[in-house]
Amino acid sequence: MPVILIADSGATKCEWRLVQGDKNKTILTQGISPYFLNASQITALLNKELLPKLKSALPERIHFYGTGLSNKDNAATIKKVLRSLFPKASIEVQTDLLAAARALCGRSRGIACILGTGSNSCYYDGKRIVKNSPGLGYVLGDEGSGAYLGKKVVQYYLYNTFDEELKARFEKRFQVSTIEILDHVYKQPLANRYLASFAIFLAENRGHYMIENIIEDGLNDFFFTHLYKYRESWTLPIHFIGSIAFGFRDVLKDLCNTYELELGKVIKTPMQGLIAYHR
């Protein structure tokens, strides 16, 4: 059996799995995004955090999935670094969306959706991504994502829409002022992650009608804006991956039933599916 190294990377953390037959080993490193790190910085990071943990195991195949890799220059940077470190390995560098599609659909056709900090979706024909409803980021889009739902929570609080009970719960949970929120959103980096951090308030207060409305409306916006654009949605299973999808899978099930769509898998992370796909 070949020795396979699979990476699932975001901007903040990267999960690696060294797969040897039926055994696999998990290695965690800092996130690897070519938008934030250049080739020499990525090389230094991997020399420090990955290579010592591989010990004597030399991967024959490397499959690297990550954020920002639809940009060909970024993908080339990652591949060049991996080639310098593993000159004898076959190396594949792909997007996080293809990782989701392969993990969710395997080699079958289906609609693959990401609902995490951000959101994305595609029609996958069992081999490649054929259609992709454009993700416009948290300012213009990201419907159904953690950032989108978290933004709704913040709006409800700042607009004084929450009833007194929810307002009190919000203030006790987050202890932030209006000035601090606006500063983080408009002046600090990574505003999308900051907004997504408020989505936990929804999970912690299920059952309240305002909370349920935010969740259902936010996920419904994803269905209407993206899933309706694929005619394949009406004939193929729709799969979901990500923390938001997994946390609110009951709402996804209800929405699929309402629209007479077939709900497929709902999983939190892609790694187990990727191991099965590449094995």
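- For E49, the CD atom is densely surrounded, since the number of other residues' heavy atoms within 6.0 Å is greater than 12.
- Residues satisfying the side-chain hydrogen bond (donor to acceptor under 3.5 Å, both in side chains) criterion with D142, sequence neighbours excluded, are absent altogether.
- Partners of R83 by side-chain contact (heavy atoms from CB on, under 4.5 Å), not counting sequence neighbours, listed by chain and number: K79, I91.
- With sequence neighbours excluded, no residue forms a side-chain hydrogen bond (donor to acceptor under 3.5 Å, both in side chains) with Y228.
- For R249, the side-chain contact (heavy atoms from CB on, under 4.5 Å) partners two or more places apart in sequence, or in a different chain, are F246, V266.
- The 12-atom threshold is not exceeded at NZ of K253, counting heavy atoms of other residues, nucleotides or ligands nearer than 6.0 Å.
- Residue L263 is grouped with residue I111 when hydrophobic side chains (ILVMFWY) are merged at heavy-atom distances under 4.5 angstrom, including chains of intermediate members.
- Not counting sequence neighbours, Y123 has no partner by the ring-ring contact (aromatic ring centres under 6.0 Å, His included) test.
- We find the CE-OH distance between M271 and Y65 to be 9.5 Å, quoted to the nearest 0.5 Å.
- The two residues C113 and L227 come nearest to each other via the heavy atoms SG-CD2, 3.6 Å.
- Separation of atoms CG (L236) and OH (Y230) is listed at 12.5 Å; rounding is to 0.5 Å.
- A continuous path of Ile, Leu, Val, Met, Phe, Trp and Tyr side chains, each step under 4.5 Å between heavy atoms, connects W234 with L252, placing both in one hydrophobic cluster.
- Looking at every heavy atom in both residues, L69 comes nearest to P34 through CD2-CG, 4.0 Å.
- Within 6.0 Å of the CD atom in E260, the count of heavy atoms belonging to other residues, nucleotides or ligands does not exceed 12.
- The two residues L149 and G218 come nearest to each other via the heavy atoms CD2-CA, 3.8 Å.
- F223 and I241 are not part of a single hydrophobic cluster, where members link through side-chain heavy atoms under 4.5 Å apart.
- You'll find the side chain of F224 stays beyond 4.5 Å of the side chain of E143, heavy atoms only.
- Defined by atom type and a distance below 3.5 Å, a donor-acceptor pair is present between the side-chain atoms of H208 and D163.
- Heavy-atom minimum distance, E180 versus Q175: OE1-O, 4.1 Å.
- Residues satisfying the salt bridge (Lys or Arg N to Asp or Glu O under 4.0 Å) criterion with K131, sequence neighbours excluded, are E232.
- Listed by first then second residue, pairs satisfying side-chain hydrogen bond (donor to acceptor under 3.5 Å, both in side chains) with a partner in residues 191-203 number zero, not counting sequence neighbours.
- Under the salt bridge (Lys or Arg N to Asp or Glu O under 4.0 Å) criterion, E165 pairs with R169, not counting sequence neighbours.
- Residues forming a side-chain contact (heavy atoms from CB on, under 4.5 Å) with L50 (at least two apart in sequence, or on another chain): L5, W16, I27, T29, L46, L54, F86.
- Just one residue in the list F248, Y148, F222 forms a side-chain contact (heavy atoms from CB on, under 4.5 Å) with L115, and that residue is F222.
- Around CG of N38, the count of heavy atoms belonging to other residues, nucleotides or ligands within 6.0 Å exceeds 12.
- With sequence neighbours excluded, the residues forming a salt bridge (Lys or Arg N to Asp or Glu O under 4.0 Å) with E212 are R206, listed by chain and number.
- Residues passing the side-chain hydrogen bond (donor to acceptor under 3.5 Å, both in side chains) test with K268: none are found, sequence neighbours excluded.
- Contact of the S119 side chain with the I114 side chain is not registered, since no non-hydrogen atoms from C-beta on lie closer than 4.5 Å.
- The nearest pair of heavy atoms linking K48 to P52 is O-CG, 3.5 Å.
- Shortest non-hydrogen contact noted between C14 and Q30 is CB-O, 3.5 Å.
- Tracing side-chain contacts under 4.5 Å through hydrophobic residues (I, L, V, M, F, W, Y), one reaches L255 starting from L261; they form part of the same cluster.
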Under 3.5 Å, which donor-acceptor pairs link side chains of residues 55-64 to any protein atom two or more places apart or in another chain?
residue : atom : partner : partner atom : Å
E60     : OE2  : V3      : N            : 3.1
R61     : NH2  : H278    : O            : 2.9
H63     : ND1  : E92     : OE1          : 2.7
H63     : NE2  : H278    : ND1          : 3.4

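- Y156 and N213 share no donor-acceptor pair across their side chains, judged by distance under 3.5 Å alone.
- Proximity of the aromatic rings of F201 and F162 is defined here by a centroid distance below 6.0 angstrom, and this criterion is met.
- Under the 3.5 Å distance criterion, the side-chain polar atoms of K229 are matched with a main-chain donor or acceptor of T225.
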